[in-house]
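All chains are named by letter (A, B, ...) in the order of the sequence lines, taking the proteins before the strands, and each is independently numbered beginning at 1.
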Amino acid sequence: MIDYARALNEAQHQAATSGPGPVLVVAGAGSGKTRTIVYRLAWLAEHGVEPDAILLLTFTRKAAQEMLQRAGQLLDHGLTGVRGGTFHAFAFGALRRWKPAWLDDRPFTVMDAADITAAVKHCKDRLRLGRGDRSFPKTQSIVGLLSKARNKEVSLEDVLRKEAFHLLPHATGLQELDAAYADYRREKGLLDYDDLLFELEDLLRENALAAEALRGQFRHILVDEYQDTNLVQARIVRLLTGPEDRMTGNVMAVGDEAQSIYAFRGANVRNILDFPKLFPGARIVRLEENYRSTKPVLDVANSLLAHAAESFRKTLFTRKEGGEPVRLFTPLSDMSQAALVVRRIRELLQLHLPHEIAVLFRSGFHSYMLEMALNQAGIAFRKYGGLRYAEAAHVKDVMALARLLLNPLDLPAFARVAASHSGIGPKTVEKLYLVARSGDPAATEKAFAKFPGFLEDMRLVERLRAASASPADILAALLEHYHPRLESLYPEDWPRRRQGLEEIVQMAASYTDLDLFVADLALDAPEEEHDDPAEDKITLSTVHSAKGLEWNAVLLIDLVEDRFPSRHALAQPEDFEEERRLMYVACTRARHSLDLYAPVALYNRAERGSRHVGQSPFLRELAPGLVEEWQEGFGGALSRRAPAGSLASARAAGDDAPAHAALPPWASRKRALHDAVPLPTDGEAPPLFFTSSPAAPEDAHFCHCRHRIFGRGKIVRHIPPDKVQVNFPGFGLKVILSEYLQMEN
DNA sequence: TCCTCGTATTTTTTT
DNA sequence: AATACGAGGA
């Protein structure tokens, strides 16, 4: 039995142990939201709710897995039966079981981002839209506009009027394109991300049998990151909890309007405000105490929100007094920013394990320079957001063959396979597709005769379709067939790619149905390397992908105009406000240490030089005295910029270039840095780096312990007050409550 | 007419 | 890195 009252604070306790009916938990950043959900799961299990009657809908699968894992540690019998995943993955599962009628029993495929772009491009070309017209939007902007209209459930024209006034002359053309793209998907048996949600809603409304089956199974629904749901997702949750006129199930939604960062995708904060309307009788619980961050970090975060629009304003409080100051660095350029960050990470690595350190940024490409610097410095990292594994060209090539096997009408897959043979361009693809679809063998033979390589692809796919082999066997066969092309396409690094593809075959081994595997890859691409738990790496991530995660040390880079906030967010006040919340999310990821970096100049390829940039408006808005400012001089020397008016401010202005100026930035960094820090003249607290030791982990004891599930493991470090991190062979690093471990010596 | 290749331009965020 | 566009070849 778990002592809930002891393990949770009052509000958390109320949420975790609340009886039947709808509950809304408004959970501030770091307020123990995950903990609350985990204890909720435990409480439900203790009260006789079978795990498979619980549906946990989260924004990312990573979050769902983490939650289930933490719950498993808490409960003896684990919660393996709890169903959890993204709305999209859940929708796919349901639609696979109850196919939409319009498919007429044809197979269907989930499109990934590249497919959507390719499909819209195809329709655009066929309608001859924007040919030679530079004012016509590019394919990717069009995809964004169409999806935005559907997600916000407003007309395309309204979207244009509001955010792209200059495109209004093209409204008719874009509407035609929207219709053509819809026909395209219908004809080819393809569902894009938005289709999955709307089709699920239709299913729940129109197929009483399916609706009853789902409602009967999932008596308890938990929705995480509720502020990021859009209108149709809220309706889906409502429909899952019962027919329109009455509630038959239970629902708990958890969210924080201050962390709403997906409005661009149609997320609607009103969902939180309207929760009591949609779910009458809802109880509301607020978690406002922050357990994650130290006071200086929280002060910065609160200061950011103080300037937000009223409905988003909130102040979190912490009892963790003290802690390191938040530091703002102003490197001379983004290049020296990368060097400085590398230096700083090296130092943080003496205090923290790699996975406790993260560098965050607004957009995927902002980290390119840092990635190069880290590679040179030999520091391993994992990157989230940006290019995903399943988006790598070689993976898409092999998966396209697999998809063709499942759905011969899958035009994006067909086009990808075809175009990998030389001599086949868009026009030829279309011709071949029409012939292949007509099913006339003689005509097909003739048309394909010119492209023997492609013909072989199709023959192999057909053979494999008939063979009814396992997903792993099918992919292995496709990989062998694809290998020669892999070598010729990527002469430099094909072995690395080959290894990645072999991992795909490994992954597929845990599936019995190929279509599930293909959909999973499109819906939630796994990480690049199959996690080798022994290999601990630091994290690079976009702020969006960092949502819901936390680290001991967070470094936030590129806090300059046009980058953070994104230059695309300047036109609309709401967009600007969303960037502010994004910055808030970024800062609240940090437990002990938060570094802010605002390079003075950015390298510009076109000009082959650097260009001066202003600081992010969010930095200028911060209340004075919240951050400690350090500026970079030549040679990487850092000097403290004293608070305005103090004695040291005059001194900081002078630039005394140290003797190490000629050294490369990351050579003998310790000494160079140390010497560069001016000694305090007025008895003020001294230097920056290396002295800072936020709750330095005690040195590793290298003693062993035993866990009833994971077996014997080595204790890597203690996490005060009551947890330890243990490396279990075969399971990797786990954070576990000491009381669940047996010590060994 | 269609394909290929080189060059210029531009990168938001996610399912 | 990925797209768009224009020149030149089949």
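Applying the 5.5 angstrom centroid cut-off and the 30 degree plane-angle cut-off, the aromatic ring of A/Phe264 is stacked upon the base of B/dT13.
Using a 4.0 Å heavy-atom cutoff across all strands shown, A/Leu197 reaches no nucleic acid atom at all.
If you take CD of A/Glu578 and C1' of B/dT13, they are 8 Å apart, rounded to a whole angstrom. What separates CD of A/Gln227 from C1' of B/dT14 is a distance of 14 Å, to the nearest Å. Rounded to an integer number of Å, the gap from NZ of A/Lys427 to C1' of C/dA10 is 18 Å. Between the NZ atom of A/Lys450 and the P atom of B/dC3 there is a distance of 10 Å, rounded to whole Å. Rounded to an integer number of Å, the gap from CZ of A/Arg150 to C1' of B/dT14 is 16 Å. Look at CZ on A/Arg580: it is 18 Å from C1' on B/dT13, rounded to the nearest Å. Between the P atom of C/dA2 and the CG atom of A/Asp112 lies a distance of 13 Å, rounded to the nearest Å. At whole-Å resolution of the value, CZ in A/Phe90 and P in B/dT15 are 18 Å apart.
For A/Thr428, the side-chain atoms get nearest to B/dC3 when compared with the rest of B/dT14, B/dC3, B/dT11. The nucleotide whose nearest atom lies closest to any side-chain atom of A/His568 is, among B/dT14, B/dT13, B/dT11, B/dT11. Nearest to the side chain of A/Thr542, among B/dT11, B/dT14, C/dA4, sits B/dT14.
The shortest distance between the side-chain N/O atoms of A/Ser545 and the OP1/OP2 oxygens of B/dT14 is below 4.0 Å. Not one side-chain nitrogen or oxygen of A/Ser566 sits closer than 4.0 Å to the OP1 or OP2 atom of B/dT13. Look at A/Arg563 and you won't find any side-chain N or O under 4.0 angstrom from OP1 or OP2 of B/dT11. Phosphate proximity of C/dT3 to A/Thr139: absent, as no side-chain N or O sits under 4.0 Å from OP1 or OP2.
Checked by atom type, the side-chain pair A/Gln259/A/Glu257 shows no donor-acceptor distance below 3.5 Å.
For A/Tyr262 and A/Phe264, the ring centers are positioned less than 6.0 Å apart.
Shortest non-hydrogen contact noted between A/Phe198 and A/Arg150 is CZ-O, 3.4 Å.
A cation-pi geometry, defined here as NZ or CZ lying under 6.0 Å from the six-membered ring centre and within 45° of its normal, does not hold between A/Arg186 and A/Tyr184.
Position along DNA chain B of the nearest nucleotide to A/Gly423 versus A/His88 favours A/Gly423 as the more 5'-ward residue. Annotation: of the two residues near DNA chain B, A/Ile261 and A/His421, the 5′-most nearest-nucleotide partner is A/His421.
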Given side chain to side chain donor-acceptor pair (under 3.5 Å), test A/Asp228 with A/Ser260 step by step and report yes or no. CA-CA 6 Å; A/Asp228 290 331; A/Ser260 154; 4.7 Å; no
